[in-house]
Amino acid sequence: MSDRVLIVDFGSQVTQLIARRVREAGVYCEIHPFNRVSAESITAFAPKGVILSGGPASVADFGSPRAPQALFDLGLPILGICYGQQTLCEQLGGKVEPGDHREFGRATLTLMDACALFEGIGSKGTELQVWMSHGDRVTALPEGFRVVGTSEGAPFAAIANDQRRIYGVQFHPEVVHTPAGTQLLSNFVHKIAGCAGDWTMKAFRAQEIAKVRAQVGKGRVICGLSGGVDSSVVAALLHEAIGDQLTCVFVDTGFMRSGESEQVVSVFRDRFNIKLVHKDASELFLSKLAGETDPEKKRKIVGATFIDVFEEEARAVGGADFLAQGTLYPDVIESVSFTGGPSVTIKSHHNVGGLPERMNMKLVEPLRELFKDEVRVLGRELGLPDEMVGRHPFPGPGLAIRVPGQPLTRENLDILRKADAIYLDEIRKAGLYDVIWQAFAVLLPVRTVGVMGDSRSYDYACALRAVTSTDGMTADFYPFDMAFIGRVASRIINEVKGINRVTYDITSKPPGTIEWE
Ligand code: XMP
C-alpha cells in the first residue's frame, strides 16, 4: 500500500484542491469530514501525515468544529491550513481572536525563520505572495511553537513546532494564487511526513486490476458505455482485468454527436476486442419523446427509457453479477454542509440513478478514488485515443436538450449535428479545444429570413456556446475573437442546409446555466 495522507475537512470551498496538490506530489490521500474522524478511524486509515483544511466557521463560535483531541497525541505530522491552523492552536492551548481587519485575497508573507515547510522556497527575510481568506487570527501560540512567517493581518501567518512536527499556515497553499503552495505541500508530505511519492497511474492501474479480479472472481460484469471519458476508462480497465467476463452495452439514444457512435464501436469492439452490444434505440427514444418540449420531462423520459433498454439488453446477454460504474472521487466525498437543508433542483442530472438497485447487481467502481484529470491520465495509460480521453463533458440526454422549444425530429437533430460538428472542427483547428470546458451548438426554435444568392431563405437560427470552467458549477463564456466566430458562422450557413443565422451566447453561469435546457 502506498503512503497516505488524511485530509480532515472543515468545509472549505477549496478542500478538494488540497487533495489534488497532494496527489500531484505522488502521494495518495483522502478527504474525511471532521465529524466522521476519530482516533480509531485515523489509526485504521494509517496516514503518515494529517492536513486540517480551512472552513467557514469561527473558532470563537459556540459549537464550532474541532479536530478529535486525540489526533494531537498520535505523534503524526500535522499541517493546519487557515481554520485548521486556528483550531489546532486553540486545541493545543493558544489563542484565536477576531482580526481587526479581515484579509481576503493576495497578501505578502515575510519569512521570519528557517523551517522545513519552506525548504527550497525561501529563508529568513524572503517575501512570498500568498492567498488569504480569514477574519479570525491566531494571537497567542501554544507552547512549543515558533513563528516562521508573518503578514500584515496575521502576526502568526506560519507557525511550527518542529519537535512534534505540527505546522500551521493562515494562508491557503492549495490555491494557484499562492505560487509556492505546491512546493510547501510537497515539503509537508515528503520531507516532514516522509511519504514516498509512489502514487502513480501505473501503480494505480496494477493495484486496481488486482482489486477488480479479487472482487469479481469468476463473476460476470456488465458495463454501460456512453463514449464519455469515465465509462470508457472503466471499460478499458475492466477488460484488462477480467477479459471476456466483461460485456459492454452501448445504448445508442440517437442523441450523440456526429461520428461518436461509430467511434465507440470502432474503439471498443474493433481495437480493444471487447464484447460489445451496440443497441440502436434511436427510434424508441424519439417515439417516447414525441411532441415533448419540457426540459425536465425530456430528461426523465430519456433516463427512464435508457434504463429500460439497458435492462433488456443486459437480460439478452444472460445477465451479470456486477454492474460497472464510472463513479469518481468527487461524487463520493462527503462534503461538510454548513448551510444545511436540501438545495433547489435546477436540473436533474442523474439520469440513470437507481439502476443497480433495480437490477439487483453488485457494483464495481474502479474509479472511485480518482479525480477527473487522473481518470484522463489513466485512460491514456490504458491506450484510449486522445479524442476520447480529452473529450468535453457531454450530458446524458445529449442533443435532446440542445433543441429547445420544439419537438425533436430526426431532421432537426441532423441539422444540429452538422452545425455542431463544424463548430467543434473549427475549435480544434484553432487549437482551442483544450482551453474550453465545453462548446456546442443549440438549434433555436425560430426561423429567420435570410437572403442566399438571389432567393429568400426562411430557416433555423442556431446559437453557439463555449464556456470555460473548472467544475461546471460556475462558468464564463469564452471570448473568441470575432474573426473566428465569423468563420464558423459562414461555414455553418454555407454547409448546413436548414440554418441561415448564427448567434453567439455570451451568458455566464450564474445567471445562465451551461446548457440551454
Ligand atoms: P448546467 O447546464 O446545469 O450544466 O450548467 C452543468 C454541466 O452538467 C451537464 N449537464 C448534464 N449532464 N445529464 C448529464 O449527464 C443532464 O441532464 C445534464 N444537464 C446538464 C452540462 O453539460 C454541464 O457539463
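Remember, it's 1-based here, ligands and their atoms both numbered in the order they're listed.
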(message) Treating Y423 as the side-chain partner and A489 as the backbone partner, does any N or O pair qualify as donor plus acceptor under 3.5 Å?
(response) no
(message) Distance under 4.0 Å to a non-hydrogen atom of K509: what atoms of ligand 1 satisfy this?
(response) 1 (P), 3 (O), 5 (O), 6 (C)
(message) Could you work out, for atom 14 (C) of ligand 1, the closest of S469, S226, G396 by heavy-atom distance?
(response) G396
(message) Go through it in stages, so that I can follow the logic: the residues are L286 and R410, the test is side chain to side chain contact (heavy atoms under 4.5 Å, CB included), and I'd like the CA-CA distance, side-chain angles, deciding distance and then a yes or no.
(response) CA-CA 8 Å; L286 270 182; R410 273 192 198 278; 3.6 Å; yes
(message) Using 30° and 60° as the class boundaries, would you call the ring planes of Y478 and F480 parallel, tilted or perpendicular?
(response) perpendicular
(message) Is there a polar contact, in the sense of an N or O pair closer than 3.5 Å, between R299 and ligand 1?
(response) yes
(request) Decide whether an N or O pair under 3.5 Å exists between E517 and ligand 1. (result) no
(message) Under the salt bridge (Lys or Arg N to Asp or Glu O under 4.0 Å) test against E515, which residue among R465, K298, R402 passes?
(response) R402
(message) Using a 4.0 Å cut-off to any heavy atom of T513, which atoms of ligand 1 qualify?
(response) 1 (P), 2 (O), 5 (O)
(request) Tell me which part of P397 gets within contact of ligand 1: side chain, backbone, both or neither, using heavy atoms under 4.0 Å. (result) side chain
(request) May I ask you to check whether I514 has an N/O atom sitting below 3.5 Å from an N/O atom of ligand 1? (result) yes
(request) Mind running side chain to side chain contact (heavy atoms under 4.5 Å, CB included) on V234 and Q325 for me, showing each step along the way? (result) CA-CA 7 Å; V234 169; Q325 280 199 163; over 6 Å; no
(request) For the pair Y504 and F477, name the ring-plane relationship: parallel under 30°, tilted 30 to 60°, perpendicular over 60°. (result) perpendicular
